[in-house]
Amino acid sequence: MTTQSLATTVADWAIGLMETLGAPGAGVAIALENLFPPLPSEVILPLAGFTASQGNLVLWQVLVWTTAGSVVGAILLYGLGAWLGRDRLRAIVDRMPLVKLEDVDKAETWFNRHGDLAVLIGRVIPIVRSLISIPAGVERMPIWRFLAFTTLGSGVWNTLLVGAGYLLGDQWHIVEEYVGVFQKVVIVVAVLLVVWWLVRTLLRARQDQDVPRHGRKG
């Protein structure tokens, strides 16, 4: 399935949920997006905003329900991480279709480096926004802090994308393109950071090797 056909399928599915359930339907869609990352929030959220702009949904209700859906999905992944532990969870993810093990590793690395802030920032980064909940559960981050940062970060992300869809109207699909560009930028920055870290590590290792050599000359 191509990216465009996936977006179309998700859009049709999300429209059906919102037509049936109203604003809670958008919340259900986002909860499932958290649990199954290949479902693109950059399609669901702007579409919900567009639907609100047509008067079929109430904007503030969409924001409340999508944020609640984000938190519910995140809590389930947190609980899964806490229950399974790192090794069993990675083994399961490795067998799942459309979910890359590298994405779980990226989320875990991000969490280990930045701690609580990783949950807040991770919620607005497409690569790790869903999977950041897993290492939080594995590391048993205090649940109240996890909920606070998840709610805040999800609220910001949802407001940006829903608001964009609301303002753009029938051009809501443009949001997906810009989020795609943002994701590519994130990937490039992540690669550059890894390269920088490797270079710094190699330089430090060389310096550590040079110190004993110079010492012997003295």
Side-chain angles (χ1 to χ4, degrees), residues 3 6-7 10-11 13-14 17-18 23-53 57-78 81 99 103-104 106-108 110-111 114-137 141 145-168 171-190:
T3 301
L6 175 61
V10 171
W13 167 73
L17 276 177
M18 287 184 280
V28 171
I30 289 300
L32 293 175
E33 176 265 332
N34 276 261
L35 295 173
F36 193 60
L39 292 176
S41 64
E42 58 268 28
V43 172
I44 298 171
L45 292 171
L47 179 57
F50 165 64
T51 305
S53 73
L57 298 176
V58 179
L59 182 60
W60 72 265
Q61 292 179 357
V62 170
L63 294 174
V64 169
W65 279 104
T66 53
T67 300
S70 297
V71 173
V72 169
I75 289 174
L76 292 175
L77 286 177
Y78 174 97
V99 180
D103 291 342
V104 178
K106 288 174 185 176
E108 183 178 6
W110 180 273
F111 184 84
H114 302 284
D116 295 351
L117 190 60
V119 175
L120 176 61
I121 298 177
R123 297 301 301 179
V124 298
I125 297 179
I127 297 174
V128 298
R129 59 174 262 96
S130 296
L131 297 176
I132 195 64
S133 303
I134 296 175
M141 177 182 182
R145 290 213 312 261
F146 174 77
L147 287 174
F149 288 123
T150 296
T151 302
L152 180 58
S154 298
V156 170
W157 177 258
N158 294 352
T159 299
L160 287 174
L161 269 64
V162 170
Y166 186 90
L167 295 174
L168 289 170
Q171 297 296 311
W172 64 268
H173 53 84
I174 295 176
V175 178
E176 182 186 4
E177 299 175 12
Y178 283 101
V179 172
V181 172
F182 174 58
Q183 180 168 317
K184 289 182 176 63
V185 171
V186 170
I187 293 173
V188 170
V189 171

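Computed from heavy atoms alone, side chains included, the values below leave out hydrogens, waters and symmetry copies. In this chain, residues are counted from 1 in sequence order.
The nearest pair of heavy atoms linking Leu77 to Ser133 is CB-CB, 3.8 Å. When all heavy atoms of Val119 and Ala136 are compared, the pair lying nearest together is CG2-CB, 4.4 Å. Considering all non-hydrogen atoms of both residues, Leu17 and Ala29 come closest at CD1-CB, 3.9 Å. For the residue pair Ala23 and Leu57, the shortest heavy atom distance occurs at N-CD2, 3.4 Å.
Taken from CZ in Phe146 to CD1 in Ile75, the straight-line distance is 7.0 Å, to the nearest 0.5 Å. Note that the CE atom of Met18 and the CZ atom of Phe50 stand 10.0 Å from one another [nearest 0.5 Å]. In this structure, CD1 on Ile30 lies 9.5 Å from OG on Ser154, to the nearest 0.5 angstrom.
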What verdict does the side chain to side chain contact (heavy atoms under 4.5 Å, CB included) test give for Trp13 and Ile44, after you've listed the backbone C-alpha separation in whole Å, the side-chain angles of each residue and the deciding distance to 0.1 Å? CA-CA 9 Å; Trp13 167 73; Ile44 298 171; 4.1 Å; yes

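A donor-acceptor contact shorter than 3.5 Å links the side chain of Tyr78 to the backbone of Met141. Checking side-chain atoms of Thr150 against main-chain N and O of Leu147 turns up no donor-acceptor pair under 3.5 Å.
Evaluated for a side-chain contact (heavy atoms from CB on, under 4.5 Å) with Leu45, the options Leu160, Leu63, Thr159, Thr66 yield exactly one hit, Thr66.
A 4.5 Å side-chain heavy-atom check between Ser70 and Asn158 finds at least one atom pair inside the cut-off.
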